[in-house]
Amino acid sequence: MANDNFEKRMEFLKKSYERVPSSFDPDEVFRKIDAEGKRQPPEQKKVTKNGMRQRITVWAISIASVFLIGLIGAGYIADQKNSEEEIVDSAELDEYIEKLKAKYEEEKEKRREMLKLDEKHFKLYAGSSSMSLLDMESFVTTTKQNANAKEIVLQQYDQAIEGLKLPSEMIQDLKNNPLKEDEVGSIEFLATYRKKVTSLIAIYDQIVDENSEAIRAFEVSSSSDKAEIMMLTSKSFPEQLQNIINTMKEQSIRLESEKYTEDIGARYYESQLHQELSSNLHPNTYGYSRMLIDSPYMFGGVLEHPLLESSSMIQDMEYTLMNVEQDSTLYPILQSYYSTLFNEIMKGSEYTKLFDADGVLLPEYQEAWRNMAGGGQATPMRYILEPIIKEMEASDWKESASWDSLNYYDLEEALVLHREGKLEEYMYGERPDFQDVAIQLPDDSFEKEVQALYTDFKKTYDKSVLKGVSPVHVLKVFDYANEREDPITMYHLINENILKYDESGTEYTSEYYVEKWRKGISYFWNATEVRFDGQAVFRDGQNFHSDVRFTGVDWQIPMVFTEQGVWEVGIKSMSDLPLYHMSPEMDFQDEIMSMSAFYYEGLIGTDNVDSYLRWSQPLDVLGMYFYAGSEGFYETQYELFYQGEGTDVVDKETFLANPESYFLPYDDKMYKKASFQGLERDEDGNWPGIATLTVDAELYPDLPPERKFHMYWGKDGWRVKFNPLEQ
């Protein structure tokens with residue numbers, strides 16, 4: 001048989017097989033039966049719940065098998081007419097298939113034991129599988145004609161084993177192979193995982209239903225939750241009910257009481273297993289994973305969860321619906337929940353009270369609406385809610401024409417606008433074209449442009465002077481004003497929303513800002529490049545936000561683009577000059593050295609020592625220095641030395657050849673107190689600082705009562721001066 005004919009036949013077989021479900025889904029079958037039932041005459045004979053499930057199982061598997069055999073047989077016969085080549089029978093392949101069949105049965109039994117289900121109920125979970133192909137003569141005969149016959153058979157076996165895996169096993173596979181960067185893979189994983197969880201829940205609910213008399217006979221205190229007590233006590237129940245109570249938690253499922261009817265049923269919950277699921281999937285799929293826990297969101301026309309909590313759940317849904325690629329598995333389900341829940345909160349139902357006796361929207365709904373409209377980006381809910389809230393506030397929360405005209409499909413239409421990339425323009429107008437900026441430093445022409453801008457702006461503080469000016473230039477004007485000790489100009493360059501209040505709630509007037517101001521370290525100090533990425537700008541209401549970033553120093557300064565088309569500084573103050581760095585007197589052992597091992601572990605556990613130390617306090621660095629030396633960790637101790645201009649530090653090889661000769665005599669009782677104070681910049685351009693160590697004079701009478709421990713500050717934070725006790 002020609003190879004291309006074989007490939008066509010295998011593709012035909014593959015497509016035929018894919019039409020058969022890999023596992024039995026009771027809920028899906030019931031939905032199909034219900035849909036068919038709506039078209040049937042009302043005189044149909046009523047059947048029992050259990051009887052229906054048994055018939056459905058047989059019906060689904062039988063129909064699928066007949067359908068598959070018919071398709072494969074037809075494909076095989078048609079292909080036979082086009083081929084005169086001999087079919088080779090292989091006893092070796094037959095033996096291999098029989099071994100895989102036996103192994104598959106062992107794997108099935110293993111999962112049945114893990115779930116502790118009887119054969120009847122486990123069959124509902126395992127359902128049909130790709131192993132059924134190995135019982136079909138047409139498939140086996142076709143496979144034997146290929147040199148890779150064993151690989152083809154093994155592929156069917158592997159696929160069948162994947163279908164058998166329990167939710168807990170899927171999570172273990174996910175932990176071994178995370179999908180944090182794979183959105184499509186995450187969605188496929190969640191769709192399969194949800195299907196298996198749903199199947200198990202249906203099986204557990206059937207077992208609960210079959211044991212309803214035993215559950216009714218199980219008495220608990222009226223103040224107790226029967227389902228919760230059942231999960232703790234299973235010995236008095238029939239064996240199958242005992243078994244599922246003892247094993248369902250391993251699949252992140254437990255029994256819960258329905259809060260409106262008190263009926264007991266199985267439900268997925270937020271276990272450690274689920275947390276491992278969420279933490280290993282692409283962040284865009286968060287709404288899908290939350291759906292496992294939070295659904296159902298409604299019971300009839302009543303919210304299943306508290307109002308404010310429900311409004312936050314919709315935000316999780318919206319984030320996923322806005323960001324993931326649409327698929328036919330989970331997307332339509334989540335979108336349906338999204339629309340239904342939003343419209344319930346916005347419009348209510350016959351069971352819902354939205355307004356009080358005076359026609360005022362209830363405070364809890366006001367809070368929920370504001371929550372759904374929160375944030376500054378263009379989102380479907382914000383698009384719908386902004387005019388409604390504005391009109392409601394104008395009428396003291398009594399009326400809104402936009403609310404009156406709101407219909408069920410408005411939110412879905414807004415979601416379509418977002419996915420088409422039109423929503424932001426509909427809400428706020430056309431997005432400006434932000435250009436990238438990159439300036440290599442030093443740059444004399446850049447400095448001259450900034451000085452000219454500073455002079456023009458300082459005349460009247462008219463921000464129209466800055467229209468069309470890049471955020472890099474605006475930030476440099478701010479920085480230049482700092483160098484000239486001109487806080488009032490700095491104040492007028494800061495975005496007004498940033499200036500509103502300080503931590504104590506005090507409003508930042510220009511007078512208050514000048515009073516609080518002190519000179520900071522230049523953002524451009526030691527930088528080799530400053531840049532702005534126009535594609536990284538994001539919207540927050542009418543304003544846009546982004547950062548100016550530096551190479552050579554670790555600065556990332558927020559900037560705000562206003563409605564007036566001007567970039568403003570998004571931070572109130574600059575980092576203090578090192579001379580302002582200080583630490584009051586602290587207990588040397590209890591407050592400094594007690595934490596030194598912890599900080600040291602953080603230091604050696606990071607890939608970027610400079611980044612870790614950049615934000616460490618000087619006395620924390622001092623503690624790490626003494627700890628490393630006392631423990632003999634000299635290579636790390638060397639990293640704590642300052643190596644800037646004018647320092648006398650030896651090279652690392654020399655230091656490590658005889659480190660004890662450089663480390664200070666020290667034991668843990670030598671010092672009682674320590675404090676720190678930064679100093680003015682020295683003639684070498686370094687920023688020095690001194691830690692004052694108070695000696696325990698009783699234990700060390702030969703030492704001076706205080707010792708001055710010298711340190712230096714650089715672009716990567718505070719470091720220890722080589723030979724720190726020397727001047």
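Heavy-atom basis, side chains included; hydrogens, waters and symmetry copies ignored.
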Taking it one step at a time, do Ser129 and Tyr104 satisfy side-chain hydrogen bond (donor to acceptor under 3.5 Å, both in side chains)?
CA-CA 10 Å; Ser129 77; Tyr104 175 72; 3.3 Å; yes

When the ring planes of Tyr125 and Phe122 are compared, do they come out parallel, tilted or perpendicular, using 30° and 60° as the limits?
tilted

Does the side chain to side chain contact (heavy atoms under 4.5 Å, CB included) test come out yes or no for Leu241 and Phe218, once each step is laid out?
CA-CA 13 Å; Leu241 184 56; Phe218 181 66; over 6 Å; no

Could you list all the salt bridge (charged side-chain N to carboxylate O under 4.0 Å, His left out) pairs where at least one residue sits in residues 268-283, not counting sequence neighbours?
Lys175-Glu276, Glu270-Arg290

Does the side chain of Asp158 come within less than 4.5 Å of Glu162's, by heavy atoms?
no

Does the Lys249 side chain pair with the main chain of Met231, one donor and one acceptor, at a distance under 3.5 Å?
no

Of all heavy-atom pairs linking Ala266 and Tyr204, the shortest is CB-CB, 3.7 Å

Return yes if some donor-acceptor pair links the side-chain N/O of Ser199 with the main-chain N/O of Lys195 below 3.5 Å, else return no.
no

Is the backbone of Leu166 close enough, under 3.5 Å, to the side chain of Arg111 for a donor and an acceptor to pair up by distance?
no

Between the main-chain N or O of Tyr297 and the side-chain N or O of Asp294, is there a donor-acceptor pair closer than 3.5 Å?
no

Return yes if some donor-acceptor pair links the side-chain N/O of Thr247 with the main-chain N/O of Leu115 below 3.5 Å, else return no.
yes

Can you measure from CZ (Arg267) to CG (Asp205) and round to the nearest 0.5 angstrom?
11.5 Å

Output yes when a side-chain donor or acceptor of Glu318 lies under 3.5 Å from a complementary backbone atom of Met381, and no otherwise.
yes

Just by modelled atom types, is the Arg382 backbone N or O under 3.5 Å from a matching donor or acceptor in the Thr379 side chain?
yes

For Thr320 and Tyr331, which I'm curious about, is there any donor-acceptor pair between the side chains at under 3.5 Å?
no

May I ask you to check if Arg254 and Tyr269 form a cation-pi contact, with NZ or CZ under 6.0 angstrom from the six-membered ring centre and within 45° of the axis?
yes

Any donor-acceptor N/O pair, Ser278 side chain to Gln275 backbone, under 3.5 Å:
no

Tell me if a side-chain donor or acceptor on Asn243 pairs with a main-chain N or O of Leu117 at a distance below 3.5 Å.
no

Decide yes or no on side chain to side chain contact (heavy atoms under 4.5 Å, CB included) for Arg112 and Lys108, but give the supporting numbers first.
CA-CA 6 Å; Arg112 191 186 72 79; Lys108 276 180 67 175; over 6 Å; no

